[in-house]
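In what follows, a structure is listed as structure tokens, so that the remarks can point back to it.
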There are 2 protein chains.
Amino acid sequence: MSDSTVDSATGRRGRKSGAPTIYDIAELAGVNPSTVSRALNQPGRVSAATEARIRAAAAELDFHINPLARALPTGRTNTLAVVVADITNPVVFGIIRGAERAASRAGFTLIIAESQESGSLEAATIDRLIPSVDGIVLATTRLPDDEITRIAARKPLVTINRAMDGVISVAPDVRPGITQLVDHLHGLGHRTVAFVSGPGRSWISERRWEALLDAARALGMSVFEIGPNSPTIEGGVRAFERVEASGATSVVAYNDLVALGLIKAAREKGIDVPRDLSVAGFDDIFGAEFISPPLTTVRADLLGAGAVAVQELFRKIGVDAAVADSEELTTELVARESTGPLPTAR
Amino acid sequence: MSDSTVDSATGRRGRKSGAPTIYDIAELAGVNPSTVSRALNQPGRVSAATEARIRAAAAELDFHINPLARALPTGRTNTLAVVVADITNPVVFGIIRGAERAASRAGFTLIIAESQESGSLEAATIDRLIPSVDGIVLATTRLPDDEITRIAARKPLVTINRAMDGVISVAPDVRPGITQLVDHLHGLGHRTVAFVSGPGRSWISERRWEALLDAARALGMSVFEIGPNSPTIEGGVRAFERVEASGATSVVAYNDLVALGLIKAAREKGIDVPRDLSVAGFDDIFGAEFISPPLTTVRADLLGAGAVAVQELFRKIGVDAAVADSEELTTELVARESTGPLPTAR
DNA sequence: CCCCGGTTGGCAACCGATTGACAATCGGGG
DNA sequence: CCCCGATTGTCAATCGGTTGCCAACCGGGG
């Protein structure tokens, strides 16, 4: 045994942050560090008197446990990641908030990562994050299926608005909202509706299209798809020409941003919405009610989707925390003024 | 190598996550784990040949370093936290994005925490986060000064839009934008302007008010403050009555949300913006150009503010990464249609 | 042929917790 | 009075890296 001189006398050398540790508590309370650990998180494992002494010492030192140090032996980080393609996309807003609430309610920390619309950057970011989190929510992913499968094999993972075999998925049911929307348009006299779709590979775009198709057919309306398009205002602007050429009297956009673009392009051509053309979107993003005209849209419970995604992750990793109010995720029509009666003459 | 031997190391004994470690690499490369560590992050410390062998082994195992394990001995987590009061506030969007970009450019991970407008929750969240991060950005804090000081003593900390002694602060200079705005209003014929301020304790609200006061006085305009108000649409709605009573022909709101509320309330009373009343805001939030009427506003470089905040943190913790394009944060007027010529009769 | 300085790699002690195994202690029943 | 089981607390190994210190090794000059 080589005598380690520096040790006992000076105390722990070069403490980096000065944050108190369980060793400090142990010393103050006159017990062994492991007893401190047990007192603090295995209720009943140590005597009430000892526990009280330890808690008092912890309070006195303003002790906060170091989650990193805890994570090492336990393998549990109490952290979840939400990956989004674009933080400024209003859609991820509600998802993040719902997830954040749910996570913090269970004492979990949430990491938000932005992939900046790049699949490879997204994969790299996730690789970096994997060891530090207990689970991953893919809110608006750009990753190909096989890559998602690969990641899901390494960490609990939930996707939002994108279904895949063998991967837990959370998605509000689009049919109620779309059925309401189509009824609404039909009631206004429209008999033909165009769907300005999203990116070619978007799972949710296809779901919306299918639901629209079914609902429109059920009412005997003529319906067709225009796309694919970028899911942005610019995408809507660019799609407008084809909408106009199609002669449709009503148009359902992939999302509110695209709807905004359509309205903008229409205005520039002197076509009035909703007098000459009815436009509806999806998501009911912030501001949808303030624009001119206020946008008719199908709202999804994004907050709920974020919460349910976290809930599913908790279920998978064995945390029992009732965190989402409901698991019924649905959609509903929000009728405003961008849709109106059939144009009498065009 | 199409024939990849089905991984001889089938079951690493009871390892919890199965993620490869430097020990696995060491074994595969026939060296000591410490040599692996050195090869991977102390360039030149090991021979080129050994390093190559180690890197090959790492690649073969698809090794990703465990940031938690690294953080323990080094005390460096490569993680930054951004704390916001309300994730749905459009203002924090740009800040988060700017910070995210800057952080990830330097290989740092960003944690977003929401305090849900509660000071005590914010303090608790930060206490929980402190051991896991290298620095903290307070984007829209609800914390009292002394609490901020307390935290700043424990971790590098930067505030945005709030200055305090002894704490690094980042804030775009409001004067250029406000001067432009006042010139703009004056040029339209307005001689009286009301400021609908933000929360009583808001540092940035006071800065805006002071700048507005100076600029208006310089032009001989009459100017007064109405407040405090909640920084929301609802806050604007509630403040409208007092604006109307004041007889001001132009009003500058604490932010775009408040401006929106004012416009909404005005419309409900049959008062047209901008014909009867000119309204301007701050921040140029998403949607400001689509609402009706498109909002005149003072835009701040929020993206830049987020990036500079991270830059300052890096400086403080000794990371040299040029990450922000510029450190000059300014503001500018974006004139749209919610401001117009002086009402001829009122 | 030996000595020397510079490389290169290994050993072992940490970082701050957790936890299985075990020892000490205590009260109570026989 | 002794033994036994239950309770309480201690020891030491461990998670996955990092790093100071030192030994082995290298080639070259004297």
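This one's a predicted model, so the numbers in the text were calculated from it and none came from an experiment. Lettering of chains follows the sequences in order, A, B, ..., and the numbering in each one begins at 1. Every heavy atom of this structure was used, including side-chain atoms; hydrogens, water molecules and symmetry mates were not.
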Determine whether any donor atom in the side chain of [X] lies under 3.5 Å from an acceptor atom in the base of [N], or the reverse, and answer yes or no.
X        : N       : answer
Ser34(A) : dC11(D) : yes
Arg45(A) : dG9(D)  : yes
Arg38(B) : dG10(C) : yes

Give the rounded distance in Å between these two atoms: [atom1] of [X] and [atom2] of [N].
X        : N       : atom1 : atom2 : answer
Arg70(B) : dC14(C) : CZ    : C1'   : 17 Å
Arg76(A) : dA17(C) : CZ    : C1'   : 15 Å
Asn78(B) : dG17(D) : CG    : C1'   : 14 Å
Ile54(B) : dG9(C)  : CD1   : C1'   : 9 Å
Leu68(A) : dG17(D) : CG    : P     : 13 Å
Tyr23(B) : dT14(D) : OH    : P     : 11 Å
Asn32(B) : dA12(C) : CG    : C1'   : 10 Å

Pairwise 5' ranking along DNA chain C for Ser47(B) and Ile22(A), keeping only the more 5' one: Ser47(B)
Shortest non-hydrogen contact between Gly119(A) and Leu143(A), atoms and distance: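 Heavy-atom minimum between the residues: O-CD1, 3.3 Å.
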Where Ala57(A) and Ile25(A) come nearest, the two heavy atoms and their spacing: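 In this case the closest contact between Ala57(A) and Ile25(A) is CB-CG2, 3.9 Å.
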From [options], nucleotide with atom closest to [X] side chain:
X        : options                   : answer
Gln42(A) : dG16(C), dT19(C), dC15(C) : dT19(C)
Ala69(A) : dG9(C), dG16(D), dG16(C)  : dG16(C)
Leu72(B) : dG16(C), dG17(D), dG9(D)  : dG16(C)
Thr21(B) : dC15(D), dT8(D), dG17(D)  : dG17(D)
Thr50(B) : dA17(C), dT8(C), dC11(C)  : dT8(C)

Pair Thr50(B)-Ser47(B), side-chain donor/acceptor within less than 3.5 Å: yes
side-chain N/O Asn66(B) vs dC15(D) OP1/OP2, d < 4.0 Å: no
Heavy atoms from other residues, nucleotides or ligands near CZ of Arg76(A) exceed 12 (cutoff 6.0 Å): yes
Asp146(A), CG atom: more than 12 neighbouring heavy atoms under 6.0 Å: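 Atom CG in Asp146(A) is crowded, with more than 12 foreign heavy atoms closer than 6.0 Å.
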Sugar-phosphate only, base, or nothing, as touched by Ile65(A) at under 4.0 Å among non-hydrogen atoms: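 Sugar-phosphate, backbone atoms only, no base.
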